2 protein chains.
Amino acid sequence: MAARPPAGQPATTEGATGRTTSLHVARRAGVSQTTVSLVLNGGGGKAGLSPATQEKVRQAAAELGYTPNNAARNLRRQRTGNLTFLCPDLGNPYFAEVIGAAQAAAAEGGYLLDIIAAQDEAAKLQAIARLRGGISDGVITTAPTTAIWDALRDLSARGIACVTLQDRGDDPAIPAVGVDLEAGGHAATRHLLALGHRRIAHVSGRQSFPLRARERVHGYRRALEEAGLAPDAASIVEVPNSMAGGAEAVAQLLARGTPLPEALFVFNDNMAIGALHALHRAGLRVPGDIAVVGFDGVSLGAFSTPMLTTVEHPRAELGRLAAESVMARLNDPARPAPGALLPGRLVVRESCGARGAAETGKGGARAA
Amino acid sequence: MAARPPAGQPATTEGATGRTTSLHVARRAGVSQTTVSLVLNGGGGKAGLSPATQEKVRQAAAELGYTPNNAARNLRRQRTGNLTFLCPDLGNPYFAEVIGAAQAAAAEGGYLLDIIAAQDEAAKLQAIARLRGGISDGVITTAPTTAIWDALRDLSARGIACVTLQDRGDDPAIPAVGVDLEAGGHAATRHLLALGHRRIAHVSGRQSFPLRARERVHGYRRALEEAGLAPDAASIVEVPNSMAGGAEAVAQLLARGTPLPEALFVFNDNMAIGALHALHRAGLRVPGDIAVVGFDGVSLGAFSTPMLTTVEHPRAELGRLAAESVMARLNDPARPAPGALLPGRLVVRESCGARGAAETGKGGARAA
DNA sequence: ATGAAAGCGCTAACAT
DNA sequence: ATGTTAGCGCTTTCAT
């Protein structure tokens, strides 16, 4: 798109600000600004500009190293051609894969994707405030608190397309794309139950979802109840959402003085890796002494020792659908944008103690 | 900064485009647009606006849910207040830490940081083309190829401040911030030599640095030579830069039919984790059968089995210095912006076979 | 087949 | 202490 100057050497500019503008190109090509705009935006053919004129313009633009000014273009067009991904945790490779797919889908739809890192609520609100200024046409984000939902609704009302990742709200204008966490938590727990474990603890991410019900936990509880276990069999440890947090959870369980659970269902794979590590340090064997199942299927789990059994999320699908949903809304603001609730997939590896390390479908391995 | 509408409910707007502009605020407050601009940008005090007027303006802005339009503001100001981080690999947590620090430093300097993911050269060039349009005031990026350097020089000549991460070029206007990879590679290799290993292979990232000399390798070679080993003792395996690549390297070494090296110096920790995993799969014990040293110090290495000995990069420092360098240039375009070459730090854990798992200083553990 | 002119929303120099 | 005016660089009717 942007023409390159002859040889890395920037061409001399003329304007008041020192920047080369479309007017300079026009003068050099001996045409009007209109023509330049038409040609450079591909409308030259439609408008019936002669090939000669088009060539002159392109030539001049290339010679001057002209690049259109984004601010001016956006101001005039009242849109940016950008989508923004508000990332809650850059350190978790989970999002890298979601973002990659979102970016690819955006590119296909003619949009460019940029990312803003915003871990805590304040950062997210600040980022949303930036978005209100029109820096982007749409946003993909998580929305864990009511304040963020309020801000998103406002954003949406201003014509900026919003879609949430995982978090579901009540505004039909803001669809959600996510995986069925309840079913996932249920599948993970049921798998452990099927392997004969009874005392199964859940390691949860602290403060991860202040607003929404913790669906993994519901699935976990439901599985326990279905197995005829008393509700108080549920044992939940809350720790920070990180590898260190996972290790901390194990430390807490160890410090309790009560016998260790037979199995752990962990909030996500990152934390599960931390738990695996702490268990190893403590001289416990996984899955021999204690079984572990993670959640989300980040590639890291395939490289741990032992390899991690997990409920894999369709991360690329998530990213693609999110981007497509945003673009659908942008293309037709009237029609309600589509959301999606995708199934997770139980991936049986080593850490759960099932013999066959084959990967089974979502139904859960009937291993034991 | 951005005022919130009364109760999540967007206030009725008036303008032709449906957006609330500063003119609406002005009318509502019974003042001029100038006054609104002054007040909302904090210049109200300096310009000597009466507190009453200021209050009126703020009131009106809040009531209308006014947010300044970014495109218009940027166009007028000829700057954006943004910095951009061009991230070559979102999946590697290495960059998450660098970005976090860069973002914090940017915020301190009054800038906001956004991120563009650009893995391959084409994506990077496209991103730089976007930057030429003035979407950001400065950029932090890697610059592994000549085409990218050309594009960066052009960008820099247009007044957009550039700083590279790790890659050093010859343009004084584009400083580099990085760690001393040669010294790091030397320290890692010397550590392995000091532990008594002689046949030490290097697992390198394929195509990682088409342009620049691979400094890790130089350090590696230098250490071998200093130990009196013949230059051809150097054995280098090139694989993709990923965990899977690290595993692949081990597979290649195994397939050679020759005896396995006594030790591996791996390009980065991510790849080293993959190598660790493959070695474990192959029934080899680390460090018993083979020692492994990684590079970069990503937190993951502290949670692997065995824990990874590595050369830790000061990632937060890197990010902070990069952002500060860009801002320094922006604040004073005349003065040459500062670069930095920071030392890595050998962190001795388990995978190398040194007994004491204590972390030693950069000089390298005199362990064996 | 091409050009002239207006205006997107904002800020800042210059009045008053 | 506040208002008037011009213009950032672009796109897009509308006119020729």
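Remember, it's a predicted structure, so these values are computed and weren't measured experimentally. Lettering follows sequence order; numbering is per chain, from 1.
- The salt bridge (Lys or Arg N to Asp or Glu O under 4.0 Å) contacts involving residues 325-335 of chain A comprise A/Asp332-A/Arg335, where partners must be two or more places apart or lie in separate chains.
- For residues 97-106 of chain B, the set of pairs meeting the side chain to side chain donor-acceptor pair (under 3.5 Å) definition, not counting sequence neighbours, comprises B/Glu97-B/Arg315.
- The end-to-end axis angle of the helix from C/dA1-D/dT16 to C/dT16-D/dA1, rounded to 10 degrees and based on five pairs per end, is 40°.
- For B/Asp137, the salt bridge (Lys or Arg N to Asp or Glu O under 4.0 Å) partners two or more places apart in sequence, or in a different chain, are B/Arg79.
- A search for side-chain hydrogen bond (donor to acceptor under 3.5 Å, both in side chains) contacts involving A/Arg76 returns nothing, not counting sequence neighbours.
- One finds the CD atom of B/Gln54 at 10.0 Å from the OG1 atom of B/Thr35 (value rounded to the nearest 0.5 Å).
- Residues forming a side-chain hydrogen bond (donor to acceptor under 3.5 Å, both in side chains) with A/Thr142 (at least two apart in sequence, or on another chain): none.
- The stretch residues 112-126 of chain A participates, sequence neighbours left out, in these salt bridge (Lys or Arg N to Asp or Glu O under 4.0 Å) pairs: A/Asp114-B/Arg130.
- Every side-chain hydrogen bond (donor to acceptor under 3.5 Å, both in side chains) that A/Asn41 has, sequence neighbours left out, goes to A/Ser37, A/Arg73, A/Arg77.
- At the heavy-atom level, B/Gly133 lies nowhere under 4.0 Å from the strands shown.
- One finds a side-chain N or O of B/Gln78 lying less than 4.0 angstrom from the OP1 or OP2 phosphate oxygen of D/dG9.
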Could you list the protein-to-nucleotides 12-16 of chain C atom pairs, N/O on both sides, closer than 3.5 Å?
residue	atom	partner	partner atom	Å
C/dA12	O4'	B/Arg76	NH2	3.3
C/dA12	N6	B/Thr34	OG1	2.9

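- Considering only side-chain N and O atoms, A/Thr53 lies under 4.0 angstrom from the phosphate OP1 or OP2 of C/dT2.
- Between the CD1 atom of A/Ile135 and the C1' atom of C/dG9 there is a distance of 17 Å, rounded to whole Å.
- Across all strands, A/Gly134 comes closer than 4.0 Å to no nucleic acid atom at all (heavy-atom distances).
- Within the 4.0 Å cut-off from OP1 or OP2 of D/dT11, not a single side-chain nitrogen or oxygen of A/Ser22 is found.
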